[in-house]
Amino acid sequence: MTAAEPKGFDLAGLLAERGGERYELHAKYLNHQLPRMLHTIGFDKVYERAEGAYFWDAEGQDYLDMLAGFGVMGLGRHHPVVRKALHDVLDAGLADLTRFDCQPLPGLLAEKLLTYAPHLDRVFFGNSGTEAVETALKFARYATGKPRVLYCGHAFHGLTTGSLSVNGEDGFRDGFAPLLPDTAVPLGDLEALEKELKRGDVAALIVEPIQGKGVQEAPPGYLRAAQELLHRHKGLLIADEVQTGIGRTGAFFAYQHEDGVEPDLVCVAKSLSGGYVPVGATLGKDWIFKKVYSSMDRVLVHSASFGSNAQAMAAGLATLSVMEDEQVVANARVTGELLRTRLAALVDRYELLHEVRGRGLMIGIEFGRPKSLGLRSRWTMLQAARKGLFAQMVVVPLLQRHRILTQVSGDHLEVIKLIPPLVIGEREVDRFVNAFTEVMDDAHGGGGLMWDFGKTLVKQAVANR
């Protein structure tokens with residue numbers, strides 16, 4: 001008997017044979033609550049392919065992506081330049097990750113990345129935003145010799161233990177104590193910041209220039225004043241630009257909207273990947289890196305097994321090239337202003353619509369208590385069950401009826417966050433605004449379908465208590 005020829009690995013065949021089991025596989029082997037949640041809110045779609053700012057299902061219907069994979073897909077999906085760069089680096093057969101040489105791509109990406117933050121000098125490459133934050137926390141503590149890091153209420157900096165210690169949302173922290181001895185201060189409250197600094201044990205303040213949770217921007221002048229206070233007390237300013245950086249807000253980094261702000265450490269990730277290979281980076285001042293890596297004995301005191309891998313570095317270089325060639329930052333600024341302005345014009349039209357805020361293509365749409373008796377009673381019913389249900393009521397018809405993917409901006413928040421690919425234009429703005437207007441018309445008309453779904457959400461919220 002002749003041995004059977006080895007079949008090899010056939011990815012296309014595997015997906016064709018078992019791709020239809022996606023939700024069952026996830027429920028059995030991964031986070032079983034994810035498919036349950038998706039089934040409950042009707043988000044259990046089957047997307048067949050994606051390109052740019054769009055998905056398509058098996059019937060060929062397109063879906064507009066206003067979520068960008070939580071901000072990862074800054075260039076949209078499958079940008080041809082990034083895709084080609086990855087093919088090229090794979091075809092090159094580089095001697096990657098030997099650990100005992102210095103490959104050119106990490107140095108080239110670091111050199112390029114630092115041109116966007118000329119006051120900084122060195123880069124550490126990891127694999128994600130939370131790793132970038134962990135690096136900044138370690139470096140700040142070591143460089144200052146102080147143990148405590150301050151963070152802002154409602155902040156999100158990641159979910160690994162160190163970054164969780166500076167996470168301002170109790171829902172993420174609950175059950176994972178003990179965490180590091182870090183302390184929350186209100187965003188924008190300089191008195192609270194100075195009070196903590198006077199204790200003499202603060203290594204740094206870590207802050208998102210615009211918080212992802214709720215899309216709350218630091219007040220004008222806060223970052224610069226905080227920086228001055230920190231430096232006066234021998235502390236560091238860490239800017240978490242994991243979501244706001246790489247052009248998202250209409251500047252390359254969001255801290256650059258305020259004159260005179262020069263953070264000591266800057267964390268980036270998400271869009272730097274080009275949407276393909278995970279990459280995170282921590283940019284910092286020369287003296288901080290030299291203090292951490294103070295001798296040859298400490299050469300590996302902080303490292304990452306897959307950090308600086310060739311595929312990630314190639315993706316990052318290609319992404320920055322596209323950002324410049326296609327003027328992506330300028331597009332985010334102009335298109336974001338168009339979208340925000342058109343949505344803000346609806347605030348006076350709809351009593352359920354409270355505020356539209358943000359910068360560039362990071363926009364928060366906040367809903368609030370209406371004045372009219374009929375709407376107020378419905379609003380109260382939802383709030384009594386669980387805060388945030390009305391925003392979910394808006395997100396669902398945007399997907400179900402208008403094929404637009406969005407997200408509620410955080411647990412127990414009546415805010416929808418828009419963080420679409422930075423390459424969208426006027427056509428996508430028109431589609432979103434028209435769809436949003438229809439959904440709000442339905443809500444204010446007391447229409448059956450939307451409020452009936454609200455009752456379903458109430459029942460589910462009560463059942464989960």
For [Y], is there an ion pair with [X] - N to carboxylate O distance below 4.0 angstrom?
| X | Y | result |
| --- | --- | --- |
| Glu217 | Arg357 | no |
| Lys213 | Asp411 | no |
| Glu196 | Arg148 | yes |
| Glu337 | Arg340 | yes |
| Asp182 | Arg141 | yes |

Contacts of Arg77 that satisfy side chain to side chain donor-acceptor pair (under 3.5 Å) - sequence neighbours left out: Asp65
Any residue meeting side chain to side chain donor-acceptor pair (under 3.5 Å) with Thr244, in chain and number order, not counting sequence neighbours: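 Scan of Thr244 (side chain to side chain donor-acceptor pair (under 3.5 Å), adjacent residues dropped) gives Glu241.
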I'd like to know whether the aromatic ring centres of His302 and Phe139 sit less than 6.0 Å apart in this structure. yes
Any chance [atom1] of [X] has more than 12 other-residue heavy atoms, nucleotides or ligands included, within less than 6.0 Å?
| X | atom1 | answer |
| --- | --- | --- |
| His154 | NE2 | no |
| Phe176 | CZ | no |
| Glu111 | CD | no |
| Glu191 | CD | no |
| Asp259 | CG | no |
| Gln327 | CD | no |

Looking at [Y], is its backbone amide N or carbonyl O close enough to the side chain of [X] to form a donor-acceptor pair, meaning the two atoms are under 3.5 Å apart?
| X | Y | result |
| --- | --- | --- |
| Glu414 | Phe367 | no |
| Thr319 | Gly274 | yes |
| Thr380 | Arg376 | yes |
| Gln211 | Gly153 | yes |
| Thr335 | Ala332 | no |
| Thr161 | Leu179 | no |

Does the side chain of [Y] come within less than 4.5 Å of [X]'s, by heavy atoms?
| X | Y | answer |
| --- | --- | --- |
| His157 | Asn167 | no |
| Arg342 | Asp430 | yes |
| Val123 | Phe289 | no |
| Ile288 | Leu236 | yes |
| Glu194 | Arg232 | yes |
| Leu64 | Arg403 | no |
| Val149 | Leu180 | no |

Say whether His402 and Asn434, considering side chains only, have a donor N or O and an acceptor N or O under 3.5 Å apart. no
Are side-chain N/O atoms of Tyr350 and Asp441 paired as donor and acceptor at under 3.5 Å?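 A pair is found: one side chain offers a donor N or O, the other an acceptor, under 3.5 Å apart.
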Could you walk me through whether Val395 and Phe43 pass the side-chain contact (heavy atoms from CB on, under 4.5 Å) test, one step at a time? CA-CA 10 Å; Val395 163; Phe43 271 40; 3.3 Å; yes
Where do [X] and [Y] come nearest, in terms of heavy atoms and distance?
| X | Y | result |
| --- | --- | --- |
| Ala269 | Ser128 | CB-C, 3.8 Å |
| Glu258 | Arg224 | OE2-N, 2.8 Å |
| Tyr151 | Gly168 | CE1-CA, 3.8 Å |
| Lys146 | His233 | NZ-O, 2.7 Å |
| Gly42 | Leu399 | O-CD2, 4.1 Å |
| Asn31 | His26 | O-CD2, 3.4 Å |

Relative to Tyr142, does Arg298 satisfy both conditions: NZ or CZ under 6.0 angstrom from the six-membered ring centre, and within 45 degrees of the ring's axis?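 Ring-cation test returns yes.
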Show your reasoning for whether side-chain contact (heavy atoms from CB on, under 4.5 Å) applies to Val334 and Leu338. CA-CA 6 Å; Val334 173; Leu338 175 64; 5.8 Å; no
